[in-house]
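Note on naming: letters A, B, ... go to the chains in the order of the sequence lines (proteins, then strands), and numbering restarts at 1 for each one.
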2 protein chains.
Amino acid sequence: MKPEAETATGAPTTLWDRTRQLASQEILDTALRLFIEQGYDETTIAQIAREAGVSQRTLFRYFGAKEDLLGADQDRFGQVLTDTISEQPAGAGIWEVLRAGVAAVLALHDSREQALARFRLLHNTASLCAGYLEKRLRFQDELLPLIEARMDAAVGSTAPRARAVIATAFACLDAASMTWVSNDGKGDMMDLYDECLAAVRS
Amino acid sequence: MKPEAETATGAPTTLWDRTRQLASQEILDTALRLFIEQGYDETTIAQIAREAGVSQRTLFRYFGAKEDLLGADQDRFGQVLTDTISEQPAGAGIWEVLRAGVAAVLALHDSREQALARFRLLHNTASLCAGYLEKRLRFQDELLPLIEARMDAAVGSTAPRARAVIATAFACLDAASMTWVSNDGKGDMMDLYDECLAAVRS
DNA sequence: GGACAGACTGGCAGCGACTGCGAGCCCGCA
DNA sequence: TGCGGGCTCGCAGTCGCTGCCAGTCTGTCC
């Protein structure tokens with residue numbers, strides 16, 4: 001409702017907001033630490049809440065589900081993705097547009113180390129994988145009209161083709177991130193993405 | 001362990017096997033009916049067990065998880081997929097090989113109606129979607145060596161490229177099935193698959 | 001035919017994620 | 001200083017899922 005405390009640099013207006021933000025960060029840090037230390041499935045909500053100094057009930061009010069403790073920014077990812085893509089020039093090709101979106105999202109990560117830790121956790125935990133993929137499906141749906149608008153509706157409906165192109169871009173991102181993780185973060189992920197896409201479209 | 005009662009037409013040897021198969025089918029039918037009638041999330045395990053005439057404990061012994069009640073054959077899908085692909089001639093191109101695998105899996109469905117009902121349920125239920133996608137990731141991993149063996153290792157490692165190609169094939173299958181469902185099962189899904197793949201590789 | 005071993009079943013207690021509710025607290029504002 | 005509203009907490013309860021123990025039924029061997 002209130003448009004205050006928006007930018008990351010902007011100071012929170014009220015003491016409450018500050019407290020909230022602090023608690024939120026504390027929970028997030030505790031969760032990430034425990035997940036990395038002992039694994040996602042082996043970490044219980046009770047433990048995170050205890051170590052973060054809040055009740056389970058409060059934790060669930062901050063983050064609706066356990067997996068949100070890792071993917072809380074995921075909504076922001078979706079936002080950046082759609083924003084970046086809709087900002088691309090009208091004449092740009094579909095693949096360039098999608099590449100720009102992927103690059104923008106990857107640029108959001110704080111550090112290489114954190115990105116690696118998260119991707120590793122993601123790829124090694126089945127339940128997280130599942131949730132992540134499902135959320136991504138929704139991003140794909142949001143992207144659909146944007147990409148469809150950039151395709152020429154010469155023959156037949158553009159929907160299936162647009163869907164396929166979007167899903168392929170994400171598939172290449174998957175292949176790239178998996179390879180990146182198994183290489184322990186060596187090299188640039190966008191290079192891997194390009195290589196994957198080239199292999200598909202060659 | 002025992003190689004008996006293999007083919008669908010072969011009569012089960014022992015009375016136990018027959019009872020088991022009967023109970024299993026009863027549970028599966030009840031679950032599918034309830035899922036379609038009132039939705040997946042709204043149907044509880046207790047209700048399925050009650051209407052199928054077994055205890056919850058027994059139900060979980062037959063099917064390890066709720067989502068297996070819809071995707072129990074999914075393991076069979078994976079088997080057919082890998083079998084079909086490894087049976088393809090050595091000279092066949094990667095895309096033809098993958099297409100054959102996809103076609104073989106799609107051919108496993110009993111009837112068009114049942115396939116439509118399942119796909120519809122799948123695409124409309126987030127939790128099911130998530131589980132399905134996660135299982136499919138494992139299929140992709142199993143396919144990886146098969147596809148890698150069919151790529152020329154001319155430049156760099158084949159792993160990321162093989163991953164991308166496999167994931168793309170599945171991405172096209174996704175786009176095709178979604179379109180197929182939103183068209184209420186009109187047309188052939190393999191045609192849609194071809195169209196999607198063509199759009200990606202054009 | 002009877003006894004035995006093994007598999008299958010059911011019920012119960014319990015765990016972990018998650019939610020609704022009522023009570024109490026504390027901040028912000030008047 | 002007091003009031004109102006949002007926030008926190010604890011509790012109880014639901015649902016998926018598992019371990020355990022006892023009871024039952026099947027197939028087999030004597």
Side-chain angles (χ1 to χ4, degrees), chain A residues 1-2 4-5 11-27 30-31 34-35 38-72 125-132 134-135, chain B residues 1-2 4-5 11-27 30-31 34-35 38-72 125-132 134-135:
Chain A
M1 300 295 175
K2 303 172 186 177
E4 57 206 359
T13 48
T14 140
L15 193 147
W16 268 19
D17 289 341
R18 248 174 301 158
T19 309
R20 269 186 76 84
Q21 194 167 330
L22 217 67
S24 169
Q25 200 56 48
E26 174 70 24
I27 294 172
T30 308
L34 290 175
F35 288 161
Q38 56 188 29
Y40 179 80
D41 288 328
E42 289 69 30
T43 305
T44 68
I45 291 287
Q47 188 181 11
I48 300 171
R50 200 183 326 124
E51 298 209 11
V54 294
S55 72
Q56 292 189 37
R57 199 68 194 77
T58 301
L59 191 151
F60 273 114
R61 201 164 288 115
Y62 277 77
F63 307 95
K66 186 181 180 184
E67 67 181 14
D68 289 345
L69 292 171
L70 253 181
T125 312
S127 44
L128 275 175
C129 245
Y132 165 71
E134 193 272 322
K135 265 191 186 170
Chain B
M1 298 294 173
K2 303 173 185 176
E4 57 209 357
T13 49
T14 142
L15 194 149
W16 268 11
D17 290 340
R18 247 174 300 160
T19 310
R20 268 187 77 83
Q21 193 166 331
L22 217 68
S24 168
Q25 200 56 49
E26 175 69 24
I27 294 173
T30 308
L34 290 175
F35 288 162
Q38 55 189 29
Y40 179 80
D41 288 328
E42 289 69 31
T43 305
T44 68
I45 291 288
Q47 187 182 9
I48 300 171
R50 201 183 323 124
E51 299 209 10
V54 295
S55 71
Q56 291 190 38
R57 198 65 195 78
T58 300
L59 192 151
F60 274 115
R61 241 183 304 257
Y62 277 81
F63 307 95
K66 186 181 181 184
E67 68 180 14
D68 288 346
L69 292 171
L70 254 181
T125 311
S127 43
L128 275 175
C129 244
Y132 166 71
E134 192 271 322
K135 264 190 185 171

Nearest heavy-atom approach of B/Ala23 to B/Tyr62 is CB-OH, 3.6 Å

To the nearest angstrom, the CZ-C1' distance between A/Arg57 and D/dC7 comes to 12 Å

Round to the nearest Å and state the distance from B/Phe60 atom CZ to C/dC12 atom P. 17 Å

Counting only distance, no hydrogens or angles, is the base of D/dG6 paired donor-acceptor with the side chain of A/Arg61 under 3.5 Å? no

Here the distance between atom P of D/dG16 and atom CD1 of B/Ile48, to the nearest Å, is 8 Å

Base, sugar-phosphate alone, or nothing: which one does B/Ser127 contact when heavy atoms must sit under 4.0 Å apart? nothing

B/Glu42 has an atom CD; how far is it from atom C1' of D/dC15, in whole Å? 13 Å

Rounded to the nearest Å, what distance is computed from the CZ atom of residue B/Arg18 to the C1' atom of nucleotide C/dC8? 16 Å

Taking all non-hydrogen atoms of both residues into account, name the closest pair between B/Ala46 and B/Gln56 and its distance. CB-NE2, 3.4 Å

Would you classify B/Phe63 as touching base, sugar-phosphate or nothing, given that sugar-phosphate means primed atoms plus P, OP1 and OP2, and contacts are heavy atoms under 4.0 Å? nothing

Could you check how far CG of B/Asp68 sits from C1' of D/dT18, rounded to whole Å? 15 Å

Would you say B/Thr125 and B/Phe35 make side-chain contact, with heavy atoms under 4.5 Å? no

